[in-house]
Amino acid sequence: MCGIIGIVGTTEVASALYDGLTVLQHRGQDAAGIATVDGARLRLHKGNGLVRDVFNQAAMSRLRGRIGIGHCRYPTAGSEGAEEAQPFYVNSPYGIAFAHNGNLVNTETLRKEMFEDDRRHINTDSDSEVLLNVLAHELQIQERMALTPDHIFKAVAGVHERARGGYACIALVLGYGLLAFRDPNGIRPLVLGERVTGEGREYAVASESVALDVLGFKRLRDVAPGEAVFITDDGQLFARHCAESVVHAPCIFEYVYLARPDSMIENVSVYKARLRMGQKLAEKILRERPDHGIDAVIPIPDTARTAASALAEALGVPFREGFVKNRYVGRTFIMPGQGDRVKSVRRKLNPVELEFRKKNVLLVDDSIVRGTTSKQIIQMARDAGAKNVFFASAAPPVRYPNVYGIDMPSATELVAAGKTEHEVQQMLGADWLIYQELQDLVWAVQDGNESLKHFDSSCFNGEYVTGLDRHYLEQIEMLRSDDAKAARRSA
């Protein structure tokens with residue numbers, strides 16, 4: 001999961017790109033970058049760290065131009081180094097800067113094709129650089145001195161024919177404009193907006209609508225699965241579907257955890273979807289534990305707060321803020337190693353003892369992935385004086401790796417993989433544990449847009465909408481384990 005944004009404006013766009021990236025920071029805290037077009041030149045600045053750390057006044061002053069793209073990175077397997085910070089750039093053809101959110105599942109095949117057939121060199125381990133070079137090659141074979149939107153859309157169609165996985169992409173094609181496109185299944189999100197100023201009409205594309213909101217852009221619509229949007233240097237917008245129709249299956253984990261609650265994805269309010277998750281979870285508790293004995297519902301801040309509030313209301317139980325969060329510690333889910341995650345939980349959360357002492361508390365989290373954080377939080381609640389600690393997950397058990405851009409760990413490190421819910425409960429140390437049902441999670445999102453018939457729920461059910469090569473999961477098992485990541489960092 002990464003955050004991407006692109007703007008075709010009538011005035012300088014660097015500061016707007018910066019502001020957009022700051023509200024997409026929750027999608028990636030590892031690296032950030034901005035590229036702008038300044039006449040015939042590309043201006044690029046990127047580096048490891050938070051947006052505020054990567055860009056200083058001197059860097060921003062050099063990012064001149066009224067067209068640009070930005071990226072904040074959350075590293076998936078094999079893309080953790082400084083050289084993988086985006087946007088990437090190739091100078092042939094035309095000059096292309098490129099930013100990508102997602103993950104390809106046929107990277108190695110494409111990498112081999114790039115070298116052996118297309119004679120293009122890939123310099124990093126990032127699948128984003130592979131995807132950029134596929135796009136560059138498809139543009140090159142158009143064999144035109146001057147590109148038209150038709151040529152660009154044919155090139156994107158060629159990308160879709162070759163690439164498999166989840167991807168939302170934006171690219172600057174120097175001398176022509178900004179291109180944005182989304183994978184045929186629509187797994188990763190991408191939204192289009194516009195605003196009208198005294199100087200004229202401006203367009204933006206971004207991973208989430210919240211980035212458009214803070215910049216004053218009106219959300220027009222989501223970029224459709226398999227669609228490409230091209231905005232010329234002079235502000236003309238063209239759009240075309242560039243892939244054959246396949247199953248539209250947006251990632252359901254966007255609604256559970258990844259996206260901000262004030263975003264709209266596929267015309268569904270993330271906030272309202274999370275409210276419905278809490279309502280459905282309460283219904284399950286009332287069915288299975290009518291005499292639950294809960295004295296207080298306490299969310300694990302921040303993502304679970306919305307679902308927990310709806311759950312508490314449905315149960316008729318007080319909602320209490322039992323943990324104070326240190327907002328200067330990053331999201332634990334995307335910490336690079338187990339040791340960092342363990343240390344960061346205590347730095348991140350501190351219990352309010354009065355809300356736990358001699359009470360039966362229900363802790364609510366958005367999901368349980370490794371279980372490391374959940375286990376520590378449960379113990380923190382006990383240490384604060386809780387009589388009984390119950391635990392609820394607004395999502396079903398995570399039993400399978402995600403391969404479409406969320407760096408969920410290898411299956412052996414998922415606490416629910418191959419275990420019953422009772423076994424997970426014992427491992428976490430909860431007095432009882434309850435998970436959301438998958439059909440209830442689907443309903444919670446689908447109720448906001450009944451035209452959504454399918455979702456990528458692969459981390460819950462192991463069904464991968466693009467299909468996978470036989471050995472792919474074995475390969476990511478070796479890449480994604482904490483031991484493998486530690487070895488790469490020490491190499």
Side-chain angles (χ1 to χ4, degrees), residues 1-6 24 26-28 30-31 33 69-80 84-88 98-111 122 124-135 156 159-171 179-191 205-208 211 222-229 242-243 246-259 263 265-266 333-334 401-408 455-459 464-468 472 476 479-480:
M1 116 186 144
C2 298
I4 59 175
I5 183 170
L24 295 174
H26 61 285
R27 301 187 66 87
D30 186 70
I69 61 176
H71 183 273
C72 55
R73 184 185 71 182
Y74 153 79
T76 49
S79 300
E80 299 105 353
E84 276 86 17
Q86 297 185 41
F88 283 116
F98 183 86
H100 164 222
N101 171 35
N103 189 62
L104 301 181
V105 298
N106 64 336
T107 303
E108 293 311 310
T109 299
L110 289 174
R111 190 186 302 274
I122 309 300
T124 71
D125 293 327
S126 173
D127 64 330
S128 302
E129 191 190 7
V130 173
L131 194 52
L132 164 59
N133 277 272
V134 174
L135 173 63
V156 174
V159 173
H160 289 322
E161 288 177 4
R162 300 179 69 175
R164 286 173 51 209
Y167 49 92
C169 308
I170 50 177
L179 169 67
F181 59 94
R182 193 175 174 204
D183 68 83
N185 294 105
I187 298 172
R188 299 265 65 88
L190 193 63
V191 64
V205 287
S207 294
E208 294 183 34
D222 293 88
V223 176
E227 183 185 22
V229 173
C242 299
V246 293
V247 174
H248 180 194
C251 175
I252 204 164
F253 208 73
E254 289 278 354
Y255 299 91
V256 171
Y257 174 81
L258 301 184
S263 282
I265 299 177
E266 302 286 358
F333 177 84
I334 60 178
N402 182 285
V403 300
Y404 299 124
I406 308 171
D407 198 25
M408 287 183 177
F455 295 92
D456 169 54
S457 306
S458 53
C459 59
Y464 297 97
V465 295
T466 64
L468 296 180
Y472 183 76
I476 65 169
L479 282 171
R480 290 189 175 184

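In what follows, every heavy atom counts, from backbone to side chain, and hydrogens, waters and symmetry copies are set aside.
- The main-chain N or O of Asn185 is found under 3.5 Å from a side-chain atom of Asp183 such that the two form a donor-acceptor pair.
- Looking only at side-chain heavy atoms (C-beta outward), Cys169 and Leu132 stay at 4.5 Å or farther from each other.
- Scanning both residues, Leu131 and Ala163, for their nearest heavy atoms gives CD1-CB, 3.9 Å.
- Ile5 is not listed as a side-chain neighbour of Ser207, based on a closest heavy-atom distance of 4.5 Å or more.
- Pairing each heavy atom of Ala171 with each of Phe98, the nearest pair is CB-CD1, 4.0 Å.
- Applying the salt bridge (Lys or Arg N to Asp or Glu O under 4.0 Å) rule to Glu108 yields the partners Arg111; only residues at least two apart in sequence or on another chain are considered.
- Scanning for side chain to side chain contact (heavy atoms under 4.5 Å, CB included) contacts around Ala228 gives Phe153, Val156, Leu179, Phe181, Cys242, with sequence neighbours left out.
- Residues that satisfy the side chain to side chain donor-acceptor pair (under 3.5 Å) test with Ser457, not counting sequence neighbours, are absent from this structure.
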- Task: Kindly indicate, with the supporting measurements, whether the criterion side-chain contact (heavy atoms from CB on, under 4.5 Å) is fulfilled by Val403 and Tyr464.
- Result: CA-CA 8 Å; Val403 300; Tyr464 297 97; 3.6 Å; yes
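- Listed by chain and residue number, Glu113, Asp118, Glu138 satisfy the salt bridge (Lys or Arg N to Asp or Glu O under 4.0 Å) test with Arg162 (two or more places apart in sequence, or in another chain).
- In this structure, His71 contributes its side chain and His100 its backbone to a donor-acceptor pair below 3.5 Å.
- In this structure Glu227 satisfies the side chain to side chain donor-acceptor pair (under 3.5 Å) test together with Arg221, sequence neighbours excluded.
- Across every non-hydrogen atom of Ile69 and Ala99, the tightest pair is CD1-N, 4.1 Å.
- Phe455 is linked by a ring pair (Phe, Tyr, Trp, His ring centres under 6.0 Å) to nothing, counting only residues two or more places apart in sequence or in another chain.
- Residues satisfying the salt bridge (Lys or Arg N to Asp or Glu O under 4.0 Å) criterion with Glu254, sequence neighbours excluded, are Arg27, Arg188.
- Contact detail for Ala224 and Arg182: the closest heavy-atom pair is O-CB, 3.9 Å.
- Between Tyr404 and Cys459 the shortest side-chain heavy-atom distance does not fall below 4.5 Å.
- Residues Ile4 and Leu190 are in side-chain contact: their nearest non-hydrogen atoms beyond the backbone lie under 4.5 Å apart.
- Legend: residues meeting side chain to side chain donor-acceptor pair (under 3.5 Å) with Thr124, ordered by chain and number and at least two apart, are Glu129.
- Between Tyr257 and His26 the shortest side-chain heavy-atom distance does not fall below 4.5 Å.
- No donor-acceptor pair closer than 3.5 Å links the side chain of Asp456 to the backbone N or O of Ile187.
- Each of Asn106, Leu135, Ile122, Thr109 was scored for a side-chain contact (heavy atoms from CB on, under 4.5 Å) with Val130, with one residue passing: Ile122.
- Of all heavy-atom pairs between Gly70 and Ile170, the closest is O-CD1, 4.0 Å.
- Here the straight-line distance linking atom CG of Leu104 with atom OG of Ser128 works out to 7.5 Å at 0.5 Å rounding.
- Scored by the side chain to side chain donor-acceptor pair (under 3.5 Å) test, Ser263 finds Glu208 as partners (sequence neighbours excluded).
- Minimum interatomic distance between Cys72 and Cys2 (heavy atoms only, all atoms of both residues): O-CB, 3.2 Å.
- In this structure, CG in Leu258 is found 6.0 Å from SG in Cys251, a value given to the nearest 0.5 Å.
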